Amino acid sequence: MRIVIRRIGNWFDRRLQLAAPIREMAEHPVPRNTASWWYVFGSAALVVFILQFVTGILLALVYVPSGAEAWSSLQALNHDVTLGWFIRAMHGWGSNFMVAIVLIHMAQVFLFGAYKFPRELTWIIGVFLLLMTLGMAFSGQVLRFDQDAYWGLGIGASIASRVPILGPAIVKLMLGGPIIAGATLSRFFALHVFVIPGLLIGFVCLHLLMVLKLGINEWPMPGRVVKRATYVNEYHELTKRDGAPFVPYAVWKDMFFAAFVILAVAACALYFGPFGPTGRPDPTIIQTVPKPDYFFLWLYALLSLLPPSLETPALLIGPVLVIVGLLLLPFLSGEGEKSWKRRPIAVLTVLLIAITLGTFTHLAGFTPWSPHMNAWSSDPVPDRYIHNSTALERQGALVFQVKQCRNCHSLGESGGQRGPALDSVAVRLTQDQLICQVIQGGGNMPAYGKNLSPAETTALVAFLETLHPKGQAPARDASRDMALSDENQPGVKP
Amino acid sequence: MATKPAPAQSTDATISRRGFFMKLGVLFNGLAASVLAVPIVGFLLSSITRGRANGYLSWVPLGQVSDFPEGETRLATFQNPYVMPTDGKTASTACWVRRIAEEQFQVFAVNCAHLGCPVRWFPQSGLFMCPCHGGAYYRDGSRASGPPERGLFEYPHKIENGLITIQAGELPTPGAAIAALTGEKPQCAS
């Protein structure tokens, strides 16, 4: 039997002549210390990419890229097609894992100085691979043609429209017409299924080819400095002196981690299920709170928190600066120390970026900047705030609810967080200041002057004045006391 | 497409003749590519250029004037004037119609002037609120608070034979200088 297999193999290899180069590739020597668990993320990203490729093709067997039918075909995948839900879940979770692994891979490469000479181009292609991965994540979210996808496209169009002069044309090019509709979905389908994956395959091949040709980055040692003149010789010396064949010396860790990642994706898919689709993409249903997918949540938070005047410049110039910075990195520090132990700024940069993105993502989880649309009708004023209150104060509590103050201000931990919590507002603002704030607004609060009758304002302010902790007196205007006291009233003689 | 120029290896007359044909071949392919580029680029940019030729905007009716009570703001929906067979539900659009008095109207896009999320009208507090990034607008569409830099987008409107009609057809976006959809100030604010 073995002989037959070998003969068949030989027959093919005589014609293909691939066995020798494949063996050479597999057994190329790598520095021993690179057989580390730190070096498994690149291959894991490739494996998840292949997983996405396979599950994507499976989904395309059922999915209909038409504005009129995409949503229903996703429902069919979720509910009617056997295991359709699982393939959708694998593809959705695979997308999250892929972005995460690519980011970890990038941070590791950066901290290990692997982008330095002679691997500059490997890094640059890696930057494009990251952008394409994010492009796949965004276009994939559009293909899940639901309310989030629809309004997410609106946000994308609104950002694109801010480009000077060309903005409106870019919007029409992006949407495939004047509005978000069938043509928009079709072109995002083409991007997600043909254009970006095609580019990804090409760039992944180049990326891998360079890793093979230039050799995997050696484990960085503090004090071993990269110099253009000597590095290549030093590296060959190292692989000769302390090298081992990639297969099987290093590859088993890659294989273990890849299998672990695939099982983790499957476990998440099995436990959490597929993502959406949320409501039907019907623009006339406006009772919706659109939210982007996990890896774009930080952007959602940033767009809410940037001051309006900074927003357009930040949106248009920010990405360009980031991308140009990443592309220039290997040219700005192509030589020198590789070890993170001697590169404190590099370590701090990674930490700063990770903490910033993490904080924004966390904030986007509970969106303190958005009014709670239903708070006014669903969160009652806590009993203790109207206990022993006068009729006027109770009327004020009613005004507080009915005028939807609650959508932006919380009482007793419930309600919106757009404005400050009002549990102790009376300690901060005097009666006059309260009236002024309610009527004129200010500090990001709308003015309610036109929308409250004098009687309503009086009642509301009377209620707000009761909001102070026990034992802590409400704020008062001392000069007003003086003015109102009899002695200081002009014309009134004691 | 052959793009690599032939390496000039020898001065032999036969080779140089080949070299000439090689160059001619490159030129010929270049010509073919540019001929093909015209329809390809034209096709790719068709969604922009169509706007220039015929325009996407048209007048679309929202309903009888009597459907909109005076002093109130109501949600109305309309069918987009430019529709493709694959549009499905996305071919319809919603807008907020405010009837100030008699024949005085304001018609706002539901899209927030910040990043386009659908704003909701709260008659109790007289505000439009956006669920995405916290923008808020007064009843006349002017900016009240939050990240938007301007008031709500307004559709131009007219009343004909008891029908309120608006000029619509394009997604209103903050940067889009659609002459019809700009206008910082409401056109017929009281």
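When reading the values below, keep in mind they use all heavy atoms of this one structure, side chains included, and skip hydrogens, waters and symmetry mates. This structure is a prediction, so every number in the text was calculated from the model and none was measured. Throughout, protein chains are lettered first and strands after them, A, B, ... in sequence-line order, and every chain is numbered starting at 1.
Between chain B and the options Met445(A), Glu69(A), Gln287(A), the largest number of non-hydrogen pairs under 4.5 Å is found for Gln287(A). Annotation: maximal heavy-atom pairing with chain B below 4.5 Å, among Ala301(A), Ser186(A), Ser304(A), occurs at Ser304(A). Of all the listed residues (His133(B), His114(B), Met129(B)), the one sharing the greatest number of non-hydrogen pairs under 4.5 Å with chain A is His133(B). Among Gly156(A), Gly154(A), Ala181(A), the residue with the largest count of heavy-atom pairs under 4.5 Å with chain B is Ala181(A). Looking only at heavy-atom pairs under 4.5 Å with chain B, the residue among Asn407(A), Leu452(A), Val171(A) that has the most is Asn407(A). Put simply, of Gly169(B), Pro118(B), Gly134(B), the one with the most heavy-atom pairs under 4.5 Å next to chain A is Pro118(B). Among Leu303(A), Ile170(A), Thr367(A), the residue with the largest count of heavy-atom pairs under 4.5 Å with chain B is Leu303(A).
Of all heavy-atom pairs spanning Val402(A) and Gln124(B), the tightest one is O-CB, 3.1 Å. Nearest heavy atom pair, residue Ser125(B) against residue Tyr448(A), reads CB-CE2, 3.9 Å. When all heavy atoms of Ser370(A) and Pro131(B) are compared, the pair lying nearest together is OG-O, 2.9 Å. The minimum heavy-atom distance linking Ser158(A) with Gly116(B) is given by the pair OG-N, 3.6 Å. The minimum heavy-atom distance linking Pro147(B) with Pro308(A) is given by the pair O-CB, 3.5 Å. In terms of heavy-atom proximity, Pro178(A) sits nearest to Tyr82(B) at CD-CD2, 3.7 Å.
Across Ile285(A), Thr284(A), Asp282(A), a single residue satisfies side-chain contact (heavy atoms from CB on, under 4.5 Å) together with Lys89(B), and that is Asp282(A).
The OG1 atom of Thr77(B) lies 11.0 Å from the CD1 atom of Ile286(A); values are rounded to the nearest 0.5 Å. To the nearest 0.5 angstrom, Arg187(A) atom CZ is 7.5 Å from Leu44(B) atom CG. In this structure, OG in Ser145(B) is found 4.5 Å from CG in Asn444(A), a value given to the nearest 0.5 Å. Atoms CD and CD, from Glu311(A) and Glu149(B) in turn, are 7.0 Å apart once rounded to the nearest 0.5 Å. Note that CZ of Arg280(A) is 11.5 Å distant from OG1 of Thr90(B), once rounded to the nearest 0.5 Å. Here the NZ-CG distance, from Lys403(A) to Leu127(B), works out to 10.0 Å after rounding to the nearest 0.5 Å.
Both the backbone and the side chain of Ser92(B) come within less than 4.5 Å of a heavy atom of chain A. Using a 4.5 Å cut-off between heavy atoms, Leu175(A) touches chain B through its side chain atoms alone. For a residue to count as touching a neighbouring chain, one of its non-hydrogen atoms must lie under 4.5 Å from one of that chain's; by this rule Thr312(A) touches chain B with the side chain only. Proximity to chain B (any heavy atom under 4.5 Å) is shown, for Ala70(A), by neither the backbone nor the side chain. Both the backbone and the side chain of Tyr300(A) have a heavy atom closer than 4.5 Å to some heavy atom of chain B. For chain A, the nearby part of Trp96(B) is the side chain; its heavy atoms alone come within less than 4.5 Å. Looking at Val83(B), there are no atoms closer than 4.5 Å to chain A (heavy atoms on both sides), in backbone or side chain. Looking at Trp376(A), the atoms closer than 4.5 Å to chain B (heavy atoms on both sides) all sit in the side chain, from C-beta outward. Using a 4.5 Å cut-off between heavy atoms, Cys130(B) contacts chain A through its backbone alone, with no side-chain atom that close.
Using modelled atom types, no side-chain atom of Trp369(A) and backbone atom of Gly146(B) make a donor-acceptor pair closer than 3.5 Å. Here the side chain of Asp87(B) pairs no donor or acceptor atom with the backbone of Ile180(A) at under 3.5 angstrom. The closest donor-acceptor contact from the side chain of Thr86(B) to the backbone of Ala68(A) lies at 3.5 Å or more, if one exists at all.
Other residues, nucleotides and ligands contribute at most 12 non-hydrogen atoms within 6.0 Å of the CD1 atom of Ile165(A). Around the CZ atom of Phe43(B), the shell of radius 6.0 Å holds no more than 12 heavy atoms that belong to other residues, nucleotides or ligands. Residue-environment remark: CD (Glu72(B)) exceeds the threshold of 12 foreign heavy atoms within 6.0 Å. No more than 12 heavy-atom neighbours from other residues, nucleotides or ligands sit within 6.0 angstrom of CH2 on Trp298(A). Shown here is Phe360(A), whose CZ atom has more than 12 heavy atoms of other residues, nucleotides or ligands within 6.0 Å.
Considering only heavy atoms from C-beta on, Asn111(B) comes within 4.5 Å of Trp151(A) through its side chain. Side-chain atoms of Tyr138(B) and Lys450(A), non-hydrogen and from C-beta on, never get closer than 4.5 Å to each other.
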